[in-house]
Amino acid sequence: MTSYPPLPQSFYQQPTLELAQSLLGCLLVHETSEGITSGYIVETEAYRGALDRAAHSFNNRRTKRTEIMFHTPGHIYTYTMHRQVLLNVVSADAEIPEAVLIRELEPKDGMPLMETRRPGRKPRELTNGPGKLCQAMGIIQSHYGGHFINPPLYITEGYNPEQVETGPRIGIPNAQEAKDFPWRFWVHGNRYVSR
DNA sequence: TGTGCGATGCTCT
DNA sequence: GAGCATCGCACAC
C-alpha cells in the first residue's frame, strides 16, 4: 500500500476562508492496521470562532470541547453529533478559535475497506456526508488533538479543482445572521457533492 | 432521485 | 435537561 508525503505545517498557515478552499482537491489519508483509506476533499465549511454564531467557539467560548481550536493550525478537531463523529481541521493562529469542517470526500484508496465499515451502502453513499466519511475512513473521537502533518491521519497533495463554488452553510438554522455567510466551498460538478 | 421526519448521545447550562 | 455543524428509512415520483 502506498504512503504519501503529508502537507507541511506551513500549508495550514493561511486565513481560514482561504484554507477551506485550498483543502478542496487535497487527499485525506488514514493508515490503520486494516489498511489505507483515502479520499479527495470535495466539500468544506469554515467556522470562525469569535464572530460566528454557528461555531462552537462563538464569542471565544473556551471549553473542554473547543480547547483544541485555540491551538496552532493543522490540529485535528473531532466531536460527536448524535451518533456520528465529525472531522475538522483547526485553522488560524494560536488563541484564535477557527476551524474547517470536512463535509464530503471522493473515495480513492481502500474502497473495499470502506464498504466493510459501512455495509450495504452504494459507492457514492460511502463518504457523501461529514458523519459518513468518518465512518468510512475509520475516524473516531480519539483522533481529537492529533495533527494532520503526521500519520496515521494526515492530508496530502491531491489535484487542483477546476472550479470552486461557494454558498451558505448547511444545517445551522439557529445561527441567525451567521447562517447566510457564504462559507461553504465545494468542487463544481463533482458527483460526490450532494446538495 | 429527492424530500420529510424521528432516533439518538454527548456537551454545556 | 435542552439543544444540536446528522443519518437512515419511508414514501412519492
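In what follows, chains are A, B, ... by sequence order, proteins preceding strands, each numbered from 1.
We find that CD1 of A:I170 is positioned 16 Å from C1' of C:dC4, with the value rounded to whole Å. Per the geometry, CZ belonging to A:F58 stands 14 Å off P belonging to C:dA5, to the nearest Å. In this structure, the CG atom of A:N88 is 8 Å from the C1' atom of C:dA5, given to the nearest Å.
Residue A:R62 places its CZ atom among more than 12 non-hydrogen atoms of other residues, nucleotides or ligands, all under 6.0 Å distant. Open room surrounds CD on A:E157; 12 or fewer heavy atoms of other groups in view lie less than 6.0 Å from it. Applying the 6.0 Å contact sphere to CD of A:Q163 captures more than 12 heavy atoms from other residues, nucleotides or ligands.
A:R53 comes within contact range of no nucleotide atom at all, as no heavy-atom separation falls under 4.0 Å. Contacts of A:R118 with the nucleic acid, taken as non-hydrogen atoms under 4.0 Å apart, involve only primed sugar atoms and P, OP1 or OP2. Residue contacts shown for A:L101 include a base, since a base heavy atom lies under 4.0 Å away.
In this model, the phosphate group of C:dC7 is not approached by any side-chain N or O of A:R103 to a distance below 4.0 Å at OP1 or OP2.
Across the strands present, C:dC4 finds its partner in B:dG9; the criterion is a Watson-Crick or G-U wobble pair with both atom distances under 3.5 angstrom.
Donor-acceptor pairing under 3.5 Å is lacking for the side chains of A:H71 and A:Y77.
In this structure, A:R121 does not pair ionically with A:E115, as no charged nitrogen and carboxylate oxygen lie closer than 4.0 Å.
Cation-pi geometry between A:R48 and A:W183 is satisfied (NZ or CZ under 6.0 Å from the ring centre, within 45° of the ring normal).
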Open item on the list: How would you summarise protein contacts on nucleotides 7-13 of chain B per nucleotide, using B for base, S for sugar-phosphate only and - for none, with heavy-atom distances below 4.0 Å?
Closed with: BBBSSSS
